[in-house]
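The structure under discussion appears below in the form of structure tokens.
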Amino acid sequence: MKINQLSIFAIAFGILLNITSCSDDKSIKIPKPRMYPRIYYPVNINYSTFDTTFCSFVFKYPAYSKISQDTFKLNDKPQHPCWFNIDFTSLNATLHCSYYKITNEKSLSALIDDAFEIAGKHNIKANYRKENIIENENGIKGIMFDIDGPVASPTQFFLTDEKNHFFRASLYFNSKVNPDSTAPVLQFLKPELDSIITSFKWK
């Protein structure tokens, strides 16, 4: 009799434990989908003129962005006084800009080769790369590289007068590369980059 009572008790306890376990399953938290920081896009955009003593060119850029000279140094000296960044802080992006004077040591063909090589470094992760020829009303020529995929710099371009001056720019996002989250920002910034290119001219 005692054995039967113990068996019944054990079975009842097992059933209770099973019910409790099932109820606990309902409280298991499901991981939330990956979220991205909310982007606040500027509205009523005004443009400022980039016209400095440390560069020999001018262009229009959005007033909500900030210009800062490049701080990278080589042998305790800046690479070039006309190396600077255009920081789109609210969009978590930066356009890195550099200028080169065309010389016998730094020929136009060598500078163009460098631009293609830098763009080509993204080929490993890129889905494809599109190259668009640039020519504005001020006689500026160049090429824009649009690179699709999880790459660090989805847009790069260079501008030149083909004789004396060479300007190169690369857009970077200051976060882990994810095309799903950066694509809308890139689409927003495209007209801003176009405004720089169309208004660009040498002094």
Side-chain angles (χ1 to χ4, degrees), residues 42 45 47-72 74 78-102 106 108-123 126 129-149 151-175 177 182-183 185-203:
I45 299 171
Y47 291 87
S48 300
T49 300
F50 177 90
D51 188 359
T52 69
T53 57
F54 56 84
C55 289
S56 57
F57 49 81
V58 297
F59 59 80
K60 300 286 186 182
Y61 68 97
Y64 66 82
S65 61
K66 181 182 178 182
I67 303 289
S68 61
Q69 279 186 282
D70 191 272
T71 57
F72 180 79
L74 184 64
Q79 287 272 42
H80 193 286
C82 190
W83 283 28
F84 61 94
N85 300 323
I86 304 178
D87 297 309
F88 303 97
T89 306
S90 62
L91 302 174
N92 202 31
T94 300
L95 186 70
H96 297 278
C97 305
S98 55
Y99 166 81
Y100 302 88
K101 186 172 179 60
I102 298 174
K106 273 287 185 181
L108 176 61
S109 59
L111 290 166
I112 292 176
D113 286 345
D114 287 346
F116 272 87
E117 183 179 349
I118 292 170
K121 289 181 178 179
H122 300 285
N123 287 349
R129 186 179 81 196
K130 184 179 180 181
E131 298 163 10
N132 297 308
I133 295 175
I134 296 170
E135 187 168 3
N136 72 10
E137 295 179 352
N138 301 314
I140 306 298
K141 297 181 180 180
I143 291 178
M144 174 173 280
F145 304 95
D146 288 317
I147 307 168
D148 182 71
V151 296
S153 178
T155 298
Q156 302 179 23
F157 63 89
F158 69 81
L159 306 171
T160 180
D161 63 354
E162 301 181 309
K163 294 179 180 179
N164 302 303
H165 308 291
F166 191 91
F167 172 84
R168 193 175 68 81
S170 300
L171 181 69
Y172 283 83
F173 288 99
N174 308 316
S175 60
V177 178
T182 57
V185 182
L186 181 60
Q187 185 177 5
F188 178 86
L189 283 173
K190 277 290 188 179
E192 311 293 46
L193 300 182
D194 288 341
S195 71
I196 293 173
I197 292 170
T198 56
S199 63
F200 196 101
K201 62 181 179 180
W202 309 110
K203 291 183 182 179

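Predicted model, so just to flag it, every value in this text is computed and none were measured. Throughout, residue positions are numbered sequentially from 1 according to the sequence presented.
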Self-check item: Residues that K121 engages under side-chain contact (heavy atoms from CB on, under 4.5 Å), provided they are two or more places apart
Solution: none
Per-pair distances, 0.1 Å, donor-acceptor, side chain in residues 54-64, under 3.5 Å, sequence neighbours excluded:
from	atom 1	to	atom 2	distance (Å)
K60	NZ	T49	OG1	2.8
Y64	OH	E192	OE2	2.8

Quiz item: What distance separates F84 CZ from K66 NZ, expressed to the nearest 0.5 Å?
Solution: 15.0 Å
Quiz item: Listed by chain and number, what are the side-chain hydrogen bond (donor to acceptor under 3.5 Å, both in side chains) partners of K130, not counting sequence neighbours?
Solution: none
Quiz item: Could you walk me through whether V185 and N92 pass the side-chain contact (heavy atoms from CB on, under 4.5 Å) check?
Solution: CA-CA 9 Å; V185 182; N92 202 31; over 6 Å; no
Self-check item: Partner set under side-chain contact (heavy atoms from CB on, under 4.5 Å) for E135, not counting sequence neighbours
Solution: K141
Quiz prompt | N138 side chain to F200 backbone, donor-acceptor under 3.5 Å | solution = yes
Quiz item: What pairs with D194 under side-chain hydrogen bond (donor to acceptor under 3.5 Å, both in side chains), at least two apart in sequence or on another chain?
Solution: none
Quiz item: At their closest point, which heavy atom of I102 faces which heavy atom of E162, and how far apart are they?
Solution: CD1-C, 4.2 Å
Quiz item: Is there a side-chain contact (heavy atoms from CB on, under 4.5 Å) between K101 and K106 once you walk through the steps?
Solution: CA-CA 8 Å; K101 186 172 179 60; K106 273 287 185 181; over 6 Å; no
Quiz item: C82 versus F167: any side-chain heavy-atom pair under 4.5 Å?
Solution: no
Quiz item: Given I67 and T52, is the side-chain contact (heavy atoms from CB on, under 4.5 Å) satisfied, shown in steps?
Solution: CA-CA 11 Å; I67 303 289; T52 69; 5.9 Å; no
Review item, side-chain donor-acceptor pairs of residues 93-100, under 3.5 Å, at least two apart:
from	atom 1	to	atom 2	distance (Å)
T94	OG1	D87	OD1	3.2
T94	OG1	N174	ND2	3.3
H96	ND1	N85	OD1	2.8
Y99	OH	H165	ND1	2.5

